[in-house]
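A short worksheet on the structure shown next.
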Protein chains: 2
Amino acid sequence: MAINNIKNLILSAAGKEFLVRGYSGARMQAIADKAGINKALLHYHFSSKEKLYNAVLRDQFASFIESLIELFLREEDLEPWLRRLIARLLREFSARPQFSRFIIWELNSQGKELPRIFAEVLAQSEEGTFLKRIESRLRQYGLQSYPPQQFLMNILSLCIYPGMARPLLEQVMGKEVFSDPNFVGQREEEIFRLIKYGIFLRPGGEK
Amino acid sequence: MAINNIKNLILSAAGKEFLVRGYSGARMQAIADKAGINKALLHYHFSSKEKLYNAVLRDQFASFIESLIELFLREEDLEPWLRRLIARLLREFSARPQFSRFIIWELNSQGKELPRIFAEVLAQSEEGTFLKRIESRLRQYGLQSYPPQQFLMNILSLCIYPGMARPLLEQVMGKEVFSDPNFVGQREEEIFRLIKYGIFLRPGGEK
DNA sequence: GAAAGAATTGACCATATAGTTAAAAATGAG
DNA sequence: CTCATTTTTAACTATATGGTCAATTCTTTC
């Protein structure tokens, strides 16, 4: 761990800068300052801004996506699985408030590295794993005709959007909502109920 | 309308550039090119990049937010109101795919103009209008103890997130999902059912 | 402890980009 | 038409920023 200490230091500093400001808004000088080093040293360890950026992407995403995949694929009964899924998504994303915003921004920005990293990591599990595994789990519980795509979109939307849109929602709903220490817990319960009654116990299971 | 034709031309070109690239990624030269004019003319009509940016923000947001407010406050029975709300949100946002992504990004970027514009427009309706009106509508239907904040977060999340996260979701679920011409219609039905059975008909209306 | 290599630095350079200026072209009033 | 005002342009400037380089310090190996 002490080996490559400086590279990790740089990656961490660069991560903060890139996540907050995006590629074009990030400044090499600011990264050097955050890391407490000289700008030339940045180019010594990572030869260009783009290379450094790509290294940051790998550093930030690989472990993150893998943990998400593991989470989705875990074998568990439907209710505890759903609860765990919601809790983990909410907590992971509220612990890294800039993260989802950054992914959304950069994935829309014609950069080729982020899509490649995604594809790479996803390819490590079998093709179509997410949807197929969700589908089979839904089938176990008699929801064979419910489209897993909708399930995935619902879960991700409900868990990720509010944290990402926090400044907007604070303006519309007041700052108190988010500063409530029990916010995440309440949200967790709300999403769980919404999915449970809105999908699993929805009358007429057919599409 | 023919008056200030050039200013509108510039605002439109600048809108495209800023929405796609963000403030720091946008280039004055690119805006000039898109508008088919000289860069100096940009500074003749809008003295600086920041001023132009602020003008674009006003141009893009004012009318948009007003229409959303009108939509939320409309007097209508619960079911048709909900259906209209969902349909309009989905359609507005999928017609402007870069829009929500841009709002989220810029509202997190310490810029002061976008929050100000929001506050300004929101202040035109009475204080707390959104939540109070949702609350009173829910009350009419016996849902007095259901928190309107959760309702608002659910609706916005479900309608806005998938369009914004499209590149990400396409990687996870395959491109077909979004290219299906009936995608928006299916999503509309799904969200409607989720809210209807997950909130309105949820057993035990208490929080 | 000396030689060799790696890490680090301050002072540079090249270029991209926001912004300026002075002159030309277009427009409009009398 | 003509003069004054507005609009438009090409060429230019200043600066911020990514990147380089030669010299210096630190580390490792024998």
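In what follows, chains carry the letters A, B, and so on, assigned in the order in which the sequence lines appear, proteins first and then strands, with residues in each chain numbered from 1.
- With hydrogens and angles ignored, no donor-acceptor pair under 3.5 angstrom links the side chain of B:K49 to the base of C:dG19.
- No contact: A:A32 has no heavy atom under 4.0 Å from any strand.
- A:L152 has its side chain within reach of A:F72: a pair of non-hydrogen atoms, C-beta onward, lies under 4.5 Å apart.
- Counting to the nearest Å, the C1' atom of D:dT7 and the CG atom of B:L9 are 14 Å from each other.
- B:K39 has its NZ atom 15 Å from the C1' atom of D:dT8, to the nearest Å.
- The interatomic distance linking B:Q29 (CD) with D:dT9 (P) rounds to 12 Å, in whole Å.
- Look at CG on B:D33: it is 12 Å from P on C:dT17, rounded to the nearest Å.
- Contact check, B:R27 against C:dA18: a side-chain N or O comes under 4.0 Å of OP1 or OP2.
- A:N38 places its CG atom 15 Å from the P atom of D:dC26, with the value rounded to the nearest Å.
- Remark: aromatic rings of B:F200 and B:F192 are distant, center separation not under 6.0 Å.
- In this model, a donor atom of one side chain and an acceptor atom of the other lie less than 3.5 Å apart for A:E190 and B:Y146.
- Distance, A:L41 CG to C:dA11 P: 17 Å, rounded to whole Å.
- Taking side-chain N and O atoms only, A:Y44 has a distance below 4.0 Å to OP1 or OP2 of C:dA7.
- Relative ring orientation between A:Y53 and A:F102 is described as perpendicular, the plane-to-plane angle rising above 60° on a 0-90° scale split at 30° and 60°.
- For the pair B:F46 and B:A55, the tightest heavy-atom approach, listed with the atom from each and the gap, is CE2-CB, 3.7 Å.
- Taking atom CD1 of residue A:I37 and atom C1' of nucleotide D:dC26, one finds them 16 Å apart after rounding to whole Å.
- Along DNA chain D, the nucleotide nearest B:A40 and the nucleotide nearest A:Y23 are compared for position; the residue whose nucleotide lies closer to the 5' end is B:A40.
- Look at A:H43 and you won't find any side-chain N or O under 4.0 angstrom from OP1 or OP2 of C:dT8.
- Protein atom CE of B:M28 is 13 Å distant from nucleotide atom C1' of C:dT20, rounded to whole Å.
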